[in-house]
Structures are given as structure tokens and as C-alpha cells.
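In what follows, a single structure is set out as C-alpha cells and then discussed.
The chain is numbered in sequence order, starting from 1. All values below come from the heavy atoms of this structure, side chains included, with hydrogens, waters and symmetry mates left out. No experiment lies behind these values; they were computed from the predicted model shown. Note that ligands are numbered from 1 as they come in the structure, with each ligand's atoms numbered from 1 the same way.
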Amino acid sequence: MQVMILRRLGNKSELSSSIIKHFPKHKYFVDVFFGAGGIFFNKPKSDYNILNDIDSDVTNLFLVVLNQKDELEKSFYEMPIHSDLVKYWYSKIEDEPIKKALRFLLLSNFTLLGTGTSVRHMVSSGAGGVKDFKNKFKEKLDITFSMLYGCNFTNFDFRKFLNSLSFSNDGRNDEAKTFIYADPPYLATTDNYSHSFIEQDSIDLFDCLENSKCKFAYSEFNNPFILDQAKQRNLNVIEIGERQNLKNRRTEILITNYETERSLFD
Ligand SMILES: C[S@@+](CC[C@H](N)C(=O)[O-])C[C@H]1O[C@@H](n2cnc3c(N)ncnc32)[C@H](O)[C@@H]1O
């Protein structure tokens, strides 16, 4: 069963097996741009996990799953999944954690591309429709809870987050056991995230990842700017596959600072 409770444009669930097979062995996992958790929920759980996203809707949802699961479940089943509620929540921000989580789930999962502007799946009785989602929600919530149990969530810009990762100096060499996965919004695309990426963000991300001294993998499209940065920095580039975004079809790549089987620059 697809376990993710959040359906979000750009999540890596469908590509997860093609990406995860290139991950190195690791004990500690760091996901800098968690989103819907398309990679995290599809990989074996590591001993220690630090999960970050700048979007407080994302971090609030998963913190509510961790800390108020039963209340969330009850409120979810009481919520009328209806276009009137979509319209109401589209123009109203919520601060109270449970309401904020429900609003985010409703707008992300049941409106076109998560924009809140038009309603999809409301009438579908098949897979992905409201009825199907309601039927599976409890089970998905329980699995999500157990997978997130013991994980740390943060809500920072990636620069602050990565620069504040600290490792003890007691000779355990935790950097070598840590793997960082970075899946930012695609460069210069208008995906429907609250924050988008420009070239300077990509440069900063490469710098922060390299400064961490950990093994890392960075997901992107084969954008010429990104490929040039990877080449200048002597990183490996693996082709993952073709992917259709809102406007065009492009090649999804994974950039790594560790040896991989196939590289575009071989
Ligand atoms: C492509 S999505 C990640 C998708 C995720 N890997 C998945 O499979 O569900 C990018 C995420 O980065 C977050 N983000 C955007 N700018 C950020 C920043 N400056 N620092 C941290 N997170 C950011 C967005 O909120 C979004 O959730």
C-alpha cells in the first residue's frame, strides 16, 4: 500500500526505488527538504533521522501525527470533505495545529495540484478519490506514526539547517555514518511550493552540502546550470529517468559526492 498521507506535486514516491538504490550505506539519515516524505517513507528507517522543511504546513502536519495522532484521526473523520470547505480554507489560514493540519491535507490532497483553486477527486469513487482516501486514512496514519516515531523534525531554511548540523568530537566519526538527501524545488520552476529556488540557492545548497563533510545526494532536473556546477565541483551525476513536470518532460538526475556505478561524466 502507498503509505503517504500527503499527496503533493513533485513528491518522489514514484521514483523512490530508482533513487534509493544509489544511496550509500548509512546509520544517520538527514532529509533537508522533506515535503511529503516520498523518499523517507519508501526507504528502510535509519537509526537516527533528522527531517527538515521550511514550510510550516509540512512540519506541523507531521508533528501533529507524532504528538496528537488520535485527535487528528477523530477530526479527520468528522471533517466534511466538500468543495465549500475547500473554498473556506483556501482563503483562511489556520494557526491551531489540528485545524492547520486538516486544512493542509484537504487543500493538498483534494484540489488540483494542491493549489486550492479547483477541486479534484471529490467525485471519484475509485483509487485516489475521497472515499478511498477516507477508507485508508487510519491505516496510513498508523504507519506514518510508527515510521516517524523517534525522528526529529525541524522547520528551517536549508542554509541554517545544514550549517547547524553538528557532530561530536569524541572520535566516533559520525560524519562518515551520516547521509544527507536534498530534494529542493526544481531550479527556476514555479512548482506549487511556498518557496522556490533561484541559481544562488542552488550554489548555496552545493556549498552547504560540501561543507557538511558527509556523503550527500542532490535531486534535480538536468538543468545546464546544475550540470555545470556539478562538473566544476567534481561531483557524480546519475541519470534517474524521464519525468514530466507541469510544462515539459525532462531528465531527473541525482548528484552525489560519492562513487556511484554510472556517471554522466564517465
Ligand atoms: C521537491 S519538494 C520535496 C519533495 C520530497 N522529497 C518528497 O518526495 O515528498 C521540496 C520541498 O522543499 C521545501 N523548501 C523550499 N525551499 C526551502 C528552503 N529554502 N529550505 C528548506 N526547505 C525548503 C518545500 O517546502 C518543499 O516541501
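- By the 4.0 Å heavy-atom criterion, Phe156 is counted among the residues contacting ligand 1.
- Salt bridge annotation for Asp70-Lys74: absent, with no cationic side-chain nitrogen under 4.0 angstrom from a carboxylate oxygen.
- A ring pair (Phe, Tyr, Trp, His ring centres under 6.0 Å) with Phe179 is found for exactly one of Phe216, Phe23, Tyr48, namely Phe23.
- Less than 4.0 angstrom separates some heavy atom of Asn11 from each of these atoms of ligand 1: 7 (C), 8 (O), 9 (O).
- Close N/O approach between Phe158 and ligand 1 is found [any backbone or side-chain N/O within under 3.5 Å].
- In terms of polar-atom proximity, Tyr181 is not counted as a contact of ligand 1, lacking any N or O under 3.5 Å from an N or O of the ligand.
- Looking at Asp183, Val58, Asp55 and measuring to atom 4 (C) of ligand 1, the nearest heavy atom belongs to Asp183.
- Within the model, atoms CD of Glu199 and CG of Asp228 stand 9.5 Å from one another, a figure rounded to the nearest 0.5 Å.
- Listed by number with element, the atoms of ligand 1 under 4.0 angstrom from any heavy atom of Gly38 are 7 (C), 8 (O), 9 (O).
- Salt bridge Asp201/Arg159: present, at least one basic N to carboxylate O contact under 4.0 Å.
- If you number the atoms of ligand 1 from 1 as listed, the ones under 4.0 Å from a heavy atom of Arg8 come out as 26 (C), 27 (O).
- Atoms of ligand 1 found under 4.0 Å from any heavy atom of Pro185 (numbered from 1 in listed order, with element): 10 (C), 12 (O), 15 (C).
- Counted by atom type alone, Thr154 and Asn52 present one or more donor-acceptor pairs between their side chains at under 3.5 Å.
- Residue Ala36 approaches ligand 1 through these ligand atoms, each under 4.0 Å from one of its heavy atoms: 7 (C), 9 (O).
- For ligand 1, the atoms lying closer than 4.0 Å to a non-hydrogen atom of Asp157 are 18 (C), 19 (N), 20 (N).
- Backbone and side-chain nitrogen or oxygen atoms of Ile54 are examined, and one is located within less than 3.5 angstrom of a nitrogen or oxygen of ligand 1.
- Within 6.0 Å of the NZ atom in Lys99, the count of heavy atoms belonging to other residues, nucleotides or ligands does not exceed 12.
- Of all the atoms in ligand 1, the ones that sit under 4.0 Å from a non-hydrogen atom of Lys12 are 7 (C), 8 (O).
- Remark: ligand 1 atoms within the under-4.0 Å shell around heavy atoms of Gly35 are 9 (O), 27 (O).
- On a distance-only criterion, Gly37 and ligand 1 share at least one N/O pair closer than 3.5 Å.
- Taking a 6.0 Å sphere around NZ of Lys92, one finds it holds more than 12 heavy atoms contributed by other residues, nucleotides or ligands.
- If you look at Ser219 next to ligand 1, there are no close heavy atoms at all, none under 4.0 Å.
- Following chains of ILVMFWY side-chain contacts shorter than 4.5 Å, one cannot reach Leu227 starting from Ile198, and the two form parts of different hydrophobic clusters.
- In Phe34, the part holding a heavy atom less than 4.0 Å from any atom of ligand 1 is the backbone.
- The aromatic rings of Phe41 and Phe62 sit tilted relative to each other, their planes meeting at an angle between 30° and 60°.
- No single ILVMFWY cluster, assembled from side-chain heavy atoms under 4.5 Å apart, contains both Val58 and Ile93.
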